[in-house]
Protein chains: 2
Amino acid sequence: MSINKKIGKRILALRKIQNLSQEALAHRANVDRTYITGVETGKRNVTVRVLERIIHALESNFGTFFNDKVFLDEK
Amino acid sequence: MSINKKIGKRILALRKIQNLSQEALAHRANVDRTYITGVETGKRNVTVRVLERIIHALESNFGTFFNDKVFLDEK
DNA sequence: ATTACAACGGACTATGAGTCACCTTTTAAT
DNA sequence: ATTAAAAGGTGACTCATAGTCCGTTGTAAT
C-alpha cells in the first residue's frame, strides 16, 4: 500500500476515535474540509508541515502517529 | 525547532551512522544531490513520498525513523 | 594541486496547497 | 417510506513551492 494511503487510513482511524467530522478536523488543522478528504483517501502527497498540522489537530505527534504496525513493517 | 529541522537532523544522524555521503544517499533515494543538503539543513518541506525514499535509502522505515525523543515530545 | 565533500544560488519544471461548485451517501427524523 | 440535514467524495482550477539541474565556493585531507 502506498504511503499516502497508509497515512490516510491512520488519520481516519484517529479521527474516528476522537469522534470528529472531517469538517471539524479541517477546522482544527486549518485546512479545507475537502483537503482532509483528499488526504484520507490517499490522493494527496502531503508535505510534512501540513501533516504536522493535522497530527497536532488529532492531539498526537509524529512519534506516536507513526508508531503503528503498518509503518514499522515496511522496508 | 521546526519539523523540517528535526527531520533534517535525524536524516543526517542516520546517514553518518551508515557512513554515506550526501551524494551517495541522494543516489540511493533517487533524488537530486543538492536536495539532500536542503533537507538536512532544514530548508526543505519534504513530501511524504520523497521522505519515504530517503528513509528507505537509509534502510529504515517511518515507524523507526520517528521513534525518537524529538518526535515524541512535541504537541 | 588535486580530490572529496558539503553548502549555496539561480533558473527552471513538476506538483502540492488551498479553494470551489457540485454530487452522492449516510444518518436520523417524522 | 420520505424527507432533510449532515457528512463525505470529485474534478477542476490558481498560485506557491517541491524538487531538478546547472554551476560556484569553502574546507579538509592527501
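Values below: all heavy atoms of this structure, side chains included; hydrogens, waters and symmetry mates excluded. We name chains A, B, ... by the order of the sequence lines, and we start the count at 1 in each one.
Distance CG/Leu12(B) to OG1/Thr41(B): 10.0 Å, rounded to 0.5 Å. Here the CD atom belonging to Gln18(B) is positioned 6.0 Å from the CG atom belonging to Leu58(B), to the nearest 0.5 angstrom.
Residues satisfying the side chain to side chain contact (heavy atoms under 4.5 Å, CB included) test with Thr64(B), not counting sequence neighbours, are Leu72(A), Ser60(B), Asn61(B). Residues passing the side chain to side chain contact (heavy atoms under 4.5 Å, CB included) test with Lys5(B) are Met1(B), Ser2(B), sequence neighbours excluded. Taking the side chain to side chain donor-acceptor pair (under 3.5 Å) definition, one finds that Asn4(A) meets it with nothing, sequence neighbours left out. In this view, Lys16(A) satisfies the salt bridge (charged side-chain N to carboxylate O under 4.0 Å, His left out) rule with no residue, not counting sequence neighbours. Checked against ring pair (Phe, Tyr, Trp, His ring centres under 6.0 Å), Phe66(A) has the following partners two or more places apart in sequence or in another chain: Phe71(A), Phe62(B), Phe66(B).
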In a table with atom names and distances, give each donor-acceptor pair under 3.5 Å that connects a side chain of residues 24-33 of chain A to protein atoms at least two apart or in another chain.
residue, atom, partner, partner atom, Å
Arg28(A), NH1, Ala57(A), O, 3.1
Asp32(A), OD2, Thr34(A), N, 3.1
Asp32(A), OD2, Thr34(A), OG1, 2.7

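The overall bend of the helix from dA1(C)-dT30(D) to dT30(C)-dA1(D), read as the angle between its terminal helix axes built from five base pairs each, is 50° when rounded to 10 degrees.
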Going 5' to 3' through nucleotides 24-30 of chain D, assign each nucleotide B (protein heavy atom under 4.0 Å from a base atom), S (under 4.0 Å only from sugar-phosphate atoms) or - (no protein heavy atom that close).
-------
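In this structure, Asn4(B) atom CG and dG19(D) atom P are separated by 11 Å, rounded to whole Å. Between the CG atom of Leu51(B) and the P atom of dA18(D) there is a distance of 14 Å, given to the nearest Å. Nucleotide dA6(D) holds its P atom 20 Å from the CD1 atom of Ile36(A), rounded to whole Å.
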Can you check side-chain contact (heavy atoms from CB on, under 4.5 Å) on Leu20(B) and Leu14(B), steps first, answer last?
CA-CA 9 Å; Leu20(B) 292 171; Leu14(B) 292 177; over 6 Å; no
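By the 4.5 Å heavy-atom criterion applied to side chains, Asp68(B) and Arg10(B) are counted as neighbours. In this structure, Asn45(B) and Ile3(B) have side chains that are not in contact, with every pair of non-hydrogen atoms separated by 4.5 Å or more. Taking 4.5 Å as the limit, every side-chain heavy atom of Phe65(A) sits out of range of all side-chain heavy atoms of Ile54(A).
Using a 4.0 Å cut-off on heavy atoms, the residues of residues 16-26 of chain A that approach DNA chain D are Lys16(A), Ser21(A), Gln22(A), listed by number.
Sorted by first and then second residue, the pairs that involve residues 37-56 of chain A and meet salt bridge (charged side-chain N to carboxylate O under 4.0 Å, His left out), not counting sequence neighbours, are Arg15(A)-Glu40(A).
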Between the protein and nucleotides 16-20 of chain C, are there any N/O to N/O pairs under 3.5 Å, and if so, what are the atom names and distances?
residue, atom, partner, partner atom, Å
dG16(C), OP1, Asn45(A), ND2, 3.0
dA17(C), OP1, Tyr35(A), OH, 3.3
dA17(C), OP1, Thr47(A), N, 2.8
dA17(C), OP1, Thr47(A), OG1, 3.0
dA17(C), OP2, Tyr35(A), OH, 2.4
dA17(C), N7, Arg44(A), NH1, 3.1
dG18(C), OP2, Arg53(A), NH2, 3.0
dG18(C), N7, Arg44(A), NH1, 3.2
dG18(C), N7, Arg44(A), NH2, 3.3
dG18(C), O6, Arg44(A), NH2, 3.1
dT19(C), O4, Arg44(A), NH2, 3.4
dC20(C), N4, Thr34(A), OG1, 2.9

